[in-house]
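Step one of this worksheet: look at the structure below.
First listed ligand is number 1; within each ligand, the first listed atom is number 1. Residue numbers start at 1 and run along the sequence shown. This one's a predicted model, so the numbers in the text were calculated from it and none came from an experiment.
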Amino acid sequence: MSGENTRRLALVTGGGRGIGRAIAREFGKRGFDVAVNYNSSAAAAEELCAEISQAGPGVSARAFKADVSKPEEVKALFKSIEDTMGTVRVLVNNAGITRDNLLMRMKEEEWGAVMAANLNSAFYCTKEAIRGMVKARWGRIVFISSVVGLIGNAGQANYCAAKAGLIGFARSVAREYASKGVTSNVVAPGFIETDMTSVLSENVRSAMMQQIPAGRFGCPEDIARAVCFLASDESDYLTGQVLAIDGGMTMC
Ligand code: NAD
């Protein structure tokens, strides 16, 4: 555990399961206080917070319900966190959904829902978090994009557009706030074993595996360790970058 990280507060959106859950857990291990945002299962988020609080000496973790695709809920989320835990110093924009379809069949609702959950949410949360970070002259923002935001994917035009949008947004934030001690970086996971990918067919999985030089799918902890590095003091001079964690799948 790095001493400097102690008492810093990290917010992970969509932290109740999957990659977000692993990120929240890793923060706890490294001595951060953790605010876990969730919008579906309160029990899973509460259980995670109990586990984090017990694991780290003096580490505090709390669960906060909010649909981060809605600006009024994001405002209320930040107010509750400020009132109970303090100011968010590390923001991980992790919440995301997929609504896959071929372009010719894609409905406006599928486009809109994916934009709202993956891209608009990051705008709302980052806007709420940035003032406190600038005031402290220290802050870390990490966006969970995807390798398909870099290379595209048939059947995922909405998701790829949202994930590519995060990269442009993150780099603009990086340019605006680099001189204020705030870094803004992107993690682009490849194929990671979570509920999101468990729905894919064996055919799709084996086609994916062919494209991964490492010869294995990633696990949520692969992403969590990279996020924690980007949230630490060790990455002080690193901003506006996209780190693809994909077992060598894209190398671009
Ligand atoms: P997941 O479906 O297990 O978790 C996503 C989490 O986001 C869930 O807890 C969900 O409740 C939450 N969420 C969704 N919409 C929300 C909203 N409006 N408000 C609050 N929470 C919301 O998926 P995962 O695989 O853990 O994905 C986490 C992130 O990583 C996502 O942004 C996803 O796009 C990205 N990603 C995943 C993979 C992968 O292979 N699993 C690859 C690349 C990128």
Short list, please: which atoms of ligand 1 are under 4.0 Å from a heavy atom of Ile97?
14 (C), 15 (N)
Looking at ligand 1, is there an atom of it that comes within less than 4.0 Å of some heavy atom belonging to Gly15?
no
Among Ala188, Ala117, Gly96, Gly14, which one has a heavy atom closest to atom 14 (C) of ligand 1?
Gly96
With heavy atoms of Tyr159 as the reference, note each atom of ligand 1 found under 4.0 Å away.
33 (C), 34 (O), 35 (C), 36 (N), 43 (C), 44 (C)
Number the atoms of ligand 1 from 1 as they appear, then name those within less than 4.0 Å of a heavy atom of Ala66, with their elements.
19 (N), 20 (C)
Would one find an N or O of Asp67, backbone or side chain, under 3.5 Å from an N or O of ligand 1?
yes
Minimum non-hydrogen distance to atom 38 (C) of ligand 1, winning option of Cys219, Ser146, Gly190
Gly190
Where the side chain of Asn158 meets the backbone of Val114, is there a donor-acceptor pair that is under 3.5 Å apart?
no
Partners of Glu176 by side chain to side chain donor-acceptor pair (under 3.5 Å), sequence neighbours excluded?
none
A side-chain contact here means heavy atoms from C-beta on lying under 4.5 Å apart; do Leu11 and Val92 qualify?
no
Which residue and heavy atom of the protein sit nearest atom 31 (C) of ligand 1, plus the separation:
Asn94 O, 3.2 Å
Smallest separation among heavy atoms of Tyr159 and Ile97, with atom names:
CD1-O, 3.4 Å
Between Arg17 (side chain) and Ala45 (backbone), is there a donor-acceptor pair under 3.5 Å?
no
In the structure I gave you, are the side-chain heavy atoms of Tyr177 and Met133 within less than 4.5 Å of one another anywhere?
no
Suppose I only count heavy atoms of Phe191 and a 4.0 Å limit; which atoms of ligand 1 are within that range?
40 (O)
For the pair Lys75 and Glu128, find out whether any cationic side-chain nitrogen is under 4.0 Å from an anionic carboxylate oxygen.
yes
Any ion pair linking Glu193 and Arg205 (charged N to carboxylate O, less than 4.0 Å)?
yes
In the protein, what heavy atom is nearest to atom 30 (O) of ligand 1, and what distance, to one decimal place, separates them?
Ile144 CG2, 3.3 Å
If you compare Glu73, Lys65, Arg17, Met196 by their heavy atoms, the one closest to atom 23 (O) of ligand 1 turns out to be Met196
Ranked by distance from atom 17 (C) of ligand 1, the top protein heavy atom is Asn39 ND2, 3.3 Å
Looking at Asn37, which atoms of ligand 1 are within less than 4.0 Å of one of its heavy atoms?
20 (C), 21 (N)
Closest to atom 27 (O) of ligand 1 (judged by heavy-atom distance), picking from Ile19, Thr13, Val187
Ile19
State the atoms of ligand 1, each with its element, that fall below the 4.0 Å cut-off from a heavy-atom position in Ser40.
11 (O)
For Ala95, the ligand 1 atoms whose distance to one of its heavy atoms is below 4.0 Å
7 (O), 13 (N), 16 (C), 21 (N), 22 (C), 32 (O)
Between Glu193 and ligand 1, which part of the residue brings a heavy atom under 4.0 Å of the ligand: side chain, backbone, both or neither?
neither
Say whether Lys70 and ligand 1 are in contact under the criterion: heavy-atom distance to a ligand atom below 4.0 Å.
no
Would you call Arg8 and Asp233 a salt bridge, taking side-chain N to carboxylate O under 4.0 Å as the test?
yes
With side chains defined as the heavy atoms from C-beta onward, is the minimum distance between Glu51 and Arg25 less than 4.5 Å?
yes
Nearest neighbour in protein (non-hydrogen) for atom 44 (C) of ligand 1
Ser145 O, 3.1 Å
In this structure, atom 24 (P) of ligand 1 is nearest to the protein heavy atom Thr194 OG1, 3.6 Å
Identify, for atom 19 (N) of ligand 1, the protein heavy atom at the shortest distance, and state residue, atom and that distance.
Val68 N, 3.0 Å
In terms of side-chain geometry, is the basic nitrogen of Arg105 or Asp100 positioned less than 4.0 Å from the acidic oxygen of its partner?
no
Counting only nitrogen or oxygen atoms and a 3.5 angstrom limit, does Thr197 reach ligand 1?
no
Would you indicate which of Val36, Ile245, Ile192, Asn120 comes nearest to atom 39 (C) of ligand 1 when only heavy atoms are counted?
Ile192
Residues at least two apart in sequence or cross-chain that pass salt bridge (Lys or Arg N to Asp or Glu O under 4.0 Å) with Glu82, listed by chain then number, are none
Return a yes/no value for Pro189: is any of its N or O atoms, backbone included, closer than 3.5 angstrom to an N or O of ligand 1?
no
If you count every heavy atom of other residues, nucleotides or ligands that lies below 6.0 Å from Glu72 atom CD, does the total exceed 12?
yes
Using a 6.0 Å cut-off, check whether atom NZ of Lys180 has over 12 heavy atoms from anything other than its own residue.
no
